[in-house]
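The model shown is predicted, which means the values in this text are computed figures rather than measured ones.
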Amino acid sequence: FSMTIQTIGVISDTHGLLRNEVFSLFEEVDLIIHAGDIGRPEVLTDLQAIAPTVAVLGNVDVPYYFPKLRNTACIEILQKKIYVIHNISQLAINPLQEKISLVIYGHSHQPKLEHKDGIYYFNPGSAGPKRFSNPISLGLIHITPDTIKAQHLTLSEKM
């Protein structure tokens, strides 16, 4: 294991459901980021048992049950700033001015990766209960001092 590559497991919109597959898919990650709509505190407890976990509140999360969580989080990994928010439409900062390399968000339940103005925008999609025709998915992000590589992983619909 080298400190020059960090792997982040990214999950969102679990709505109280943490599928068994998550445990095996995230077993090698250095950090987990939950982009909101957690649903139940136990979801975070289970994720913490896999790896250190950073999470933000989603629109269905009652702050009372998540007293330590805020609406946004900003962390730095290998000199890269990562900003986490549940609903990208509520982004109240300028990522370019703040020198942010990666914005992680959820809410739409649609997996998405965009690169604009040198900034990556990543939505892992929803890993919770199946909704509409959206896939059940999460993400892995590999960060090195020079690169950010993000991928989506689709989960099966079985629990």
Side-chain angles (χ1 to χ4, degrees), residues 2-15 17-19 21-39 43-44 47 50-61 69-157:
S2 124
M3 285 314 288
T4 53
I5 299 179
Q6 293 280 313
T7 303
I8 305 171
V10 185
I11 192 167
S12 187
D13 297 277
T14 46
H15 293 273
L17 172 64
L18 197 60
R19 295 166 185 277
E21 276 176 280
V22 173
F23 294 90
S24 55
L25 292 172
F26 280 178
E27 69 185 352
E28 302 290 316
V29 304
D30 303 300
L31 178 74
I32 295 171
I33 292 176
H34 194 308
D37 278 3
I38 302 155
V43 168
L44 290 185
L47 290 174
I50 306 171
T53 301
V54 172
V56 296
L57 291 170
N59 53 294
V60 305
D61 295 322
L69 298 190
R70 300 218 161 89
N71 291 323
T72 63
C74 193
I75 59 172
E76 197 167 301
I77 294 176
L78 298 176
Q79 284 80 57
K80 293 183 173 35
K81 276 168 104 175
I82 300 170
Y83 192 81
V84 188
I85 187 167
H86 180 60
N87 186 341
I88 190 92
S89 70
Q90 292 170 350
L91 191 65
I93 59 155
N94 178 331
L96 207 53
Q97 278 177 348
E98 303 288 335
K99 300 194 176 7
I100 290 176
S101 305
L102 170 64
V103 175
I104 291 174
Y105 64 103
H107 189 59
S108 72
H109 291 230
Q110 288 162 343
K112 196 165 190 187
L113 173 62
E114 293 176 292
H115 189 237
K116 58 181 191 242
D117 298 327
I119 300 163
Y120 288 95
Y121 294 84
F122 185 76
N123 184 333
S126 166
K130 176 89 174 147
R131 278 187 63 206
F132 316 117
S133 59
N134 295 328
I136 298 163
S137 65
L138 45 73
L140 286 177
I141 297 177
H142 306 280
I143 296 180
T144 71
D146 307 313
T147 61
I148 294 177
K149 292 194 173 87
Q151 66 184 116
H152 290 97
L153 301 174
T154 304
L155 307 186
S156 67
E157 292 180 25

Can you find a heavy atom in the side chain of L25 that is under 4.5 Å from one in the side chain of L155?
yes
One should read off an interatomic distance between I8 CD1 and I141 CD1, to the nearest 0.5 angstrom, of 5.5 Å
OG (S101) and CD1 (I119) are apart, to the nearest 0.5 Å, by 8.0 Å
Practice item. Would you kindly say whether N87 and S89 are connected by a side-chain donor-acceptor distance under 3.5 Å? Key: yes
Side-chain heavy-atom pair I11, F26 within 4.5 angstrom cut-off: yes
NZ (K80) and OG1 (T144) are apart, to the nearest 0.5 Å, by 6.0 Å
Problem - Minimum side-chain heavy-atom gap D30-I77 below 4.5 Å - result: no
Notebook entry, point to check: Is there side-chain contact between H109 and H15, with heavy atoms separated by less than 4.5 Å?
Noted result: yes
Closest non-hydrogen atoms of I143 and L78, given as atom of the first, atom of the second and distance, are O-CD1, 3.3 Å
From the list H142, E28, K149, side chain to side chain donor-acceptor pair (under 3.5 Å) partner of T7 resolves to H142
Output for pair (I38 CD1, L47 CG), nearest 0.5 Å, gives 9.0 Å
Check: A127 main-chain N/O paired with T14 side-chain donor or acceptor under 3.5 Å
no
Original post:
Distance only, no hydrogens: is a donor on one side chain within 3.5 Å (strictly under) of an acceptor on the other, for N134 and S126?
Top reply: no
From the list V84, V54, L57, V43, side-chain contact (heavy atoms from CB on, under 4.5 Å) partner of H34 resolves to V43
Checklist entry - How about N71 and V56: do any of their side-chain heavy atoms sit closer than 4.5 Å? => result no
For E114 and Y105 the tightest heavy-atom approach is OE1-OH, 4.3 Å
State, yes or no, whether a side-chain contact exists between T154 and H152 at a heavy-atom distance under 4.5 Å. no
H107 and H86 aromatic ring geometry - parallel, tilted or perpendicular at 30°/60° bounds = perpendicular
In terms of heavy-atom contacts, S156 and I136 come closest through O-CD1, 4.2 Å
Here the pair of heavy atoms bringing S12 nearest to A35 is OG-O, 3.4 Å
| Do I104 and Y120 have side-chain heavy atoms sitting under 4.5 Å apart? | no
ask   = Does P145 offer a backbone N or O that forms a donor-acceptor pair with the side chain of T147 under 3.5 Å?
value = no
Tightest non-hydrogen contact, residues G36 and D61, listed as C-OD2, 3.8 Å
*asked:* Between R19 (side chain only) and G128 (backbone N and O only), is there a donor and an acceptor less than 3.5 Å apart?
replied: yes
Heavy-atom closest pair (I88 atom, V103 atom, distance to 0.1 Å) is CD1-CG1, 3.7 Å
Check the pair I85 / I93 against side chain to side chain contact (heavy atoms under 4.5 Å, CB included), numbers first and verdict last.
-> CA-CA 11 Å; I85 187 167; I93 59 155; over 6 Å; no
Rounded to the nearest 0.5 Å, the CD1 atom of I75 sits from the CG atom of L31 at a distance of 5.0 Å
One should read off an interatomic distance between I148 CD1 and H115 NE2, to the nearest 0.5 angstrom, of 7.5 Å
- Does K81 reach the side chain of C74, with side-chain heavy atoms less than 4.5 Å apart? yes
